[in-house]
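Remember, it's a predicted structure, so these values are computed and weren't measured experimentally. Throughout, numbering of the chain's residues begins at 1 and tracks the sequence. All heavy atoms count here, side chains included; hydrogens, waters and symmetry mates do not.
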Amino acid sequence: GFVLAQPPDRAKVIAGAERGFDTAAKAVKMPAPGCAVGVSLNGESVFEKAFGLAEMEHNIANTPQTIFESGSVAKQFTAAAIVLLQQDGKLNIDDPVRKYIPELPEYGKPLTIRHLLNHTAGLRDWGSVMALTGVGRGDRAISQAVALDVIYRQKYLDFMPGAEYSYSNSGYNLAAEIVERVSKQKFPAFVDERIFKPLAMTKSSTRDNYQRIVPGRAQAYSRQGPNAPWQLNMPFMNVYGNGGMLTTVGDWLRWNAMLDARTWNAPLVDALETQGILNDGRKVSYALGLVVDKYKGLK
């Protein structure tokens with residue numbers, strides 16, 4: 001058996017969060033973009049704070065309610081959509097991808113949905129392929145259809161499905177396409193109806209149209225060096241599944257609390273936390289859209 005450690009003291013957790021937050025906020029020379037931070041304890045949000053600007057042109061500050069681009073954390077939700085369809089009996093995660101997407105070339109060994117979600121498919125990342133033309137991701141507006149077209153045109157894989165782990169956004173764009181074909185719904189609508197609404201993630205949505213006005217959304221910024229001017233760096237892509245989720249720290253904490261407590265759909269959580277296994281039996285830390293790891297002895 002094992003002794004369960006005492007849950008951290010609430011006041012200590014909040015004090016620690018304040019210290020970390022203040023250190024980070026003081027290190028940023030204003031005016032500058034910033035971030036929002038959320039900390040939860042036993043599924044309850046105990047600390048939410050923000051610093052920096054959500055919008056530099058009008059000097060608008062970030063708040064804990066500010067909506068941000070989530071990057072690849074979106075992959076968890078794409079994987080969850082696939083798992084829900086498996087629970088509905090509409091697909092199997094170990095089905096070959098070509099059963100749903102015949103446009104994908106025949107690569108010899110069957111490429112399964114699980115390979116896509118574990119990054120063990122050997123699929124080239126469409127953004128890297130486009131970059132070879134001199135015009136890559138972020139250099140022009142890109143639609144989901146264009147990204148998929150680049151993927152369908154790849155006649156070869158980088159390795160046999162299941163032989164290695166190599167992170168590739170392409171697998172998650174294909175997964176989103178499978179969700180649409182199997183559910184007969186647009187991906188943003190499916191995720192909203194089946195995940196965001198039941199979990200009361202009311203501030204979350206999919207950026208399937210970068211021109212849509214999203215009240216409360218932060219602009220994104222970058223700069224070429226520590227003293228260079230800030231520049232707008234807003235994604236102008238309508239590509240989703242691999243990313244493209246807009247959300248708040250509060251909504252993320254709800255999702256995390258659900259994963260932690262397994263309160264909503266325990267078999268879904270088990271599926272999301274099932275790590276990938278390579279053909280030679282080696283386990284990879286990447287599961288379905290999330291990494292399973294240890295930090296200071298804690299899962």
Within the 4.5 Å heavy-atom criterion, are [X] and [Y] side-chain neighbours or not?
X      : Y      : answer
Glu180 : Tyr100 : no
Ile277 : Arg282 : no
Gln154 : Pro105 : no
Arg124 : Leu157 : no
Leu148 : Leu174 : yes
Glu69  : Met245 : no
Glu48  : Val37  : no
Gln211 : Phe236 : no

Should Val83 and Leu85 be marked as a side-chain contact (heavy atoms from CB on, under 4.5 Å) after you check the CA-CA gap, both sets of side-chain angles, and the distance that decides it?
CA-CA 5 Å; Val83 173; Leu85 286 170; over 6 Å; no

Go through the steps for Leu278 and Val284 under the test side-chain contact (heavy atoms from CB on, under 4.5 Å), then give the verdict.
CA-CA 7 Å; Leu278 300 178; Val284 295; 4.0 Å; yes

Which residue is it: Ile142, Asp139, Val135? I am looking for the one with a side chain to side chain contact (heavy atoms under 4.5 Å, CB included) to Met130.
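The side chain to side chain contact (heavy atoms under 4.5 Å, CB included) with Met130 is passed solely by Ile142 among Ile142, Asp139, Val135.
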
Given 3.5 Å as the limit, does a donor-acceptor pair link the side chain of [X] with the main chain of [Y], or not?
X      : Y      : value
Glu164 : Phe159 : no
Lys109 : Met160 : no
His119 : Tyr165 : no
Asp208 : Pro188 : no
Asn238 : Tyr210 : yes
Thr63  : Gln65  : yes
Arg223 : Pro226 : yes
Arg207 : Met237 : yes
Asn233 : Ser222 : no
Ser204 : Thr247 : no

Does any donor atom in the side chain of [X] or [Y] lie under 3.5 Å from an acceptor atom in the other side chain?
X      : Y     : result
Tyr167 : Lys75 : yes
Gln219 : Glu57 : no
Trp255 : Gln76 : yes

Test: [X] and [Y] ion pair at under 4.0 Å:
X      : Y      : value
Glu177 : Lys186 : no
Arg114 : Asp94  : yes
Arg98  : Glu103 : no
Arg217 : Glu55  : no
Asp293 : Lys299 : no

Where [X] and [Y] come nearest, the two heavy atoms and their spacing:
X      : Y      : value
Ser183 : Phe190 : CB-CD1, 3.6 Å
Gly241 : Tyr172 : O-CB, 3.5 Å
Leu111 : Ala121 : CD1-CB, 3.3 Å
Ile151 : Tyr107 : O-OH, 4.2 Å
Pro31  : Trp230 : O-NE1, 3.8 Å
Asn169 : Asp125 : N-OD2, 2.7 Å

Under the criterion side-chain contact (heavy atoms from CB on, under 4.5 Å), I'd like the reasoning laid out for Met56 against Tyr221: C-alpha separation, chi angles, the key distance, then a yes or no.
CA-CA 9 Å; Met56 295 184 77; Tyr221 302 91; 3.7 Å; yes

CZ of Arg153: more than 12 outside heavy atoms within 6.0 angstrom?
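It does not: Arg153 CZ has 12 such atoms or fewer within range.
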
Arg212 atom CZ, neighbour heavy-atom count above 12 within 6.0 Å
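Yes.
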
Tell me whether [X] shares a hydrophobic cluster with [Y], the cluster being built from Ile, Leu, Val, Met, Phe, Trp, Tyr side chains joined at under 4.5 Å.
X      : Y      : result
Phe68  : Leu246 : no
Val13  : Trp252 : no
Leu253 : Leu41  : no
Val73  : Val269 : yes
Leu84  : Phe77  : yes

Candidate pair Lys90 and Asp95, rule salt bridge (Lys or Arg N to Asp or Glu O under 4.0 Å), full reasoning
CA-CA 11 Å; Lys90 291 192 173 154; Asp95 283 341; over 6 Å; no

Applying side-chain contact (heavy atoms from CB on, under 4.5 Å), run through Leu53 and Ile60 and close with a yes or a no.
CA-CA 6 Å; Leu53 297 173; Ile60 296 164; 5.9 Å; no

Distance from [X] atom [atom1] to [Y] atom [atom2], nearest 0.5 Å?
X      : Y      : atom1 : atom2 : result
Ile93  : Ile178 : CD1   : CD1   : 10.0 Å
His115 : Asn118 : NE2   : CG    : 8.0 Å
Lys49  : Phe47  : NZ    : CZ    : 5.5 Å
Thr78  : Ile82  : OG1   : CD1   : 8.5 Å
Thr248 : Lys203 : OG1   : NZ    : 5.5 Å
Asp251 : Leu199 : CG    : CG    : 9.5 Å

